[in-house]
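Everything below concerns the one structure shown next.
Here is the naming used below: chain letters follow the sequence lines, and residue numbers restart at 1 for every chain.
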Amino acid sequence: MKVIVARPLLQANDVLARQNAALLGDYRLAAVNLLSSPGSGKTTLLEKTITYLHDQLRVGVVEGDIYTARDAERIAGLGAAVVQINTSGTCHLNAGMVAGSLEELPLAELDLLFIENVGNLVCPASFDLGEDCKVVLLSVAEGGDKPAKYPLAFQEARAAVITKVDLLPYTDFDLAGCLVELRSINPGLEIFITSARNGEGIAGWCRWLQFLVSSKRSPD
Amino acid sequence: MKVIVARPLLQANDVLARQNAALLGDYRLAAVNLLSSPGSGKTTLLEKTITYLHDQLRVGVVEGDIYTARDAERIAGLGAAVVQINTSGTCHLNAGMVAGSLEELPLAELDLLFIENVGNLVCPASFDLGEDCKVVLLSVAEGGDKPAKYPLAFQEARAAVITKVDLLPYTDFDLAGCLVELRSINPGLEIFITSARNGEGIAGWCRWLQFLVSSKRSPD
Amino acid sequence: MHELSLIQSLVELVAYSARENGITRVTLVKLVVGEYHGALPGALQFAFSCLTPDTPLAGAELEIEIKPVKLHCHSCGLVFSPSGWSAVCPGCGSSTPDVLQGRELFVDYFEGDEREGEAGESDSSPAAAAGQ
Ligand SMILES: Nc1nc2c(ncn2[C@@H]2O[C@H](COP(=O)(O)OP(=O)(O)OP(=O)(O)O)[C@@H](O)[C@H]2O)c(=O)[nH]1
Ligand SMILES: Nc1nc2c(ncn2[C@@H]2O[C@H](COP(=O)(O)OP(=O)(O)OP(=O)(O)O)[C@@H](O)[C@H]2O)c(=O)[nH]1
Ligand SMILES: [Mg+2]
Ligand SMILES: [Mg+2]
Ligand SMILES: [Zn+2]
Ligand SMILES: [Zn+2]
């Protein structure tokens with residue numbers, strides 16, 4: 001006997017992701033899923049962003065890590081609402097883990113939610129969490145060939161943040177070449193060029209986040 | 001959906017890994033499995049190592065990447081024997097993929113084999129490939145908290161190479177603190193502190209590789 | 001993508017559907033994977049053979065269809081398969097194509113044997129059916 005299934009393989013995750021999206025939609029709360037290699041600067045960018053937007057947006061964070069609560073402690077130190085997920089070995093967040101965290105956050109009191117995924121440029125890109133968009137980080141120290149070598153995260157993302165540009169003089173990172181390659185992989189990608197160390201590009205990135213938040217507050 | 005714990009898959013992988021190990025044993029060929037985040041400097045370290053050991057050891061390389069043959073081209077440019085594996089999306093090498101590559105390499109003409117895994121500090125650490133030992137790289141730019149946050153690779157490794165120490169002045173990396181944490185995670189770990197840019201530490205790392213090779217050639 | 005998450009989901013999905021349809025032994029599973037998601041067929045086969053024993057899929061054949069990426073150019077209408085990961089149209093150089101094909105990731109169908117009277121026995125949750 002032949003049974004036609006025609007059902008998406010990650011349907012269990014997708015169903016939960018849609019529930020998360022519906023919940024976030026009820027609160028008109030914009031959510032960004034941050035993806036990158038370990039140590040590209042996700043938490044540092046969040047620290048700068050929360051500080052920069054302090055008077056304008058109330059930011060909440062879901063911190064995904066395999067072990068330790070170090071990233072959540074850094075965010076809590078800034079007074080932002082934060083929940084730590086420890087995956088205890090699993091290489092990505094899934095929508096079910098995030099559903100649990102949303103219950104612990106004061107959603108009605110937030111304007112913008114970040115979900116910092118496990119540091120892994122590969123596996124997290126396949127799992128929707130219910131976010132409005134994915135943002136991928138690439139640090140100058142990793143080298144400009146990473147988008148071509150690890151393309152899925154860059155294809156799935158709405159925006160890319162090139163981090164640590166203060167390190168440009170000490171690396172062989174070819175910024176112009178990398179921008180060309182990024183645009184050929186994902187022509188619609190918004191690109192921000194930043195340094196958390198000297199503050200370069202943080203204002204432009206935060207303007208874009210404010211645009212995301214206001215689009216979510218008043219759609220159309 | 002817990003990803004790391006799937007004992008049947010790991011057991012089946014181990015069977016193939018033992019076959020690879022037996023084949024490498026027949027040739028008394030030492031094999032090192034290199035693990036790290038994307039862009040920590042695996043290929044660059046290989047380039048320096050091959051050049052440094054040029055007159056002393058014949059080095060072969062299996063290059064694991066999701067897409068592109070860029071790393072294999074860099075290695076081939078140095079005249080070393082190299083095979084590229086493209087996993088087309090899979091986040092780690094497994095022993096079956098490596099078995100295929102070993103057939104394409106002139107094993108009898110090599111003294112030392114490197115297997116450069118997919119850039120991913122999480123998933124590759126669970127899959128033995130038949131190597132003599134795993135070596136994990138950590139670049140100064142990633143931050144010193146990575147061993148505690150991504151411990152498995154550091155527990156599985158016999159040696160750790162701290163890379164890009166030329167960047168120490170431009171980062172907040174706490175080298176002394178990181179060494180303490182590394183030793184508490186894995187007390188037996190050999191640690192090399194290197195820069196491929198200024199050559200620091202490469203000689204000591206290559207001495208250790210020569211020791212690995214001679215131990216394999218004349219066991220006991 | 002971790003092939004393990006793919007195959008674990010596949011086993012849960014098919015075991016659940018088999019139970020719903022009174023199938024006790026699955027003989028063939030047809031999986032469709034778009035190139036965007038990646039996954040080496042060999043790695044998927046390997047995971048499938050390791051994760052199906054003790055489930056209704058034990059001994060089943062896994063047939064994998066890889067769907068190559070196909071893009072449609074807005075500007076000139078060309079349908080093309082990109083070389084490498086560039087989305088730039090080889091016809092006119094414009095770079096905002098639609099993805100026609102390549103994002104698929106689903107179980108198309110499976111085949112199996114029914115046994116009279118065995119349908120619906122015991123716990124029928126997906127996790128139990130997958131033998132977890
Ligand atoms: N020079 C420089 N260093 C930076 C910059 N941003 C982050 N770093 C450093 O990069 C290292 C990693 O930063 P994190 O923010 O912890 O990176 P992450 O992506 O959150 O790391 P995981 O969550 O562990 O994957 C730390 O040592 C930071 O100080 C930057 O703009 N310039
Ligand atoms: N400053 C500095 N840069 C380095 C050093 N070693 C490597 N790099 C740079 O780091 C970037 C990544 O190096 P790769 O050797 O490609 O790293 P990888 O680990 O092989 O990367 P993947 O295989 O793509 O995961 C490149 O831009 C290198 O030039 C170093 O010692 N110092
Ligand atoms: Mg972090
Ligand atoms: Mg490399
Ligand atoms: Zn994985
Ligand atoms: Zn065109």
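- With a 4.5 angstrom heavy-atom cutoff, A:Glu181 does not touch chain C via any of its atoms.
- Between chain C and the residues A:Pro187, A:Pro147, A:Ala125, the most heavy-atom pairs under 4.5 angstrom are made by A:Pro187.
- With a threshold of 4.5 angstrom between heavy atoms, C:Leu28 does not approach chain A through any atom at all.
- Other residues, nucleotides and ligands contribute over 12 non-hydrogen atoms within 6.0 Å of the NZ atom of A:Lys149.
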Query raised in the report: Should A:Arg74 and A:Glu47 be marked as a salt bridge (Lys or Arg N to Asp or Glu O under 4.0 Å) after you check the CA-CA gap, both sets of side-chain angles, and the distance that decides it?
Result: CA-CA 8 Å; A:Arg74 288 166 63 184; A:Glu47 290 172 326; 3.0 Å; yes
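- Applying the side chain to side chain donor-acceptor pair (under 3.5 Å) test to C:Lys30 and every residue at least two apart in sequence or in another chain returns C:Glu65.
- The aromatic rings of A:Phe192 and A:Trp205 sit perpendicular, their planes meeting at an angle over 60°, well past the 30° parallel limit.
- Between C:His72 and C:His74, the ring planes are perpendicular. Angles over 60° get that label, and only those under 30° would be called parallel.
- For a residue to count as touching a neighbouring chain, one of its non-hydrogen atoms must lie under 4.5 Å from one of that chain's; by this rule C:Glu35 does not touch chain A.
- At a 4.5 Å heavy-atom cutoff, the contact between C:Arg103 and chain A is made by side-chain atoms alone.
- Residue contact with chain C, scored on non-hydrogen atoms closer than 4.5 Å, involves the backbone and the side chain of A:Pro8 alike.
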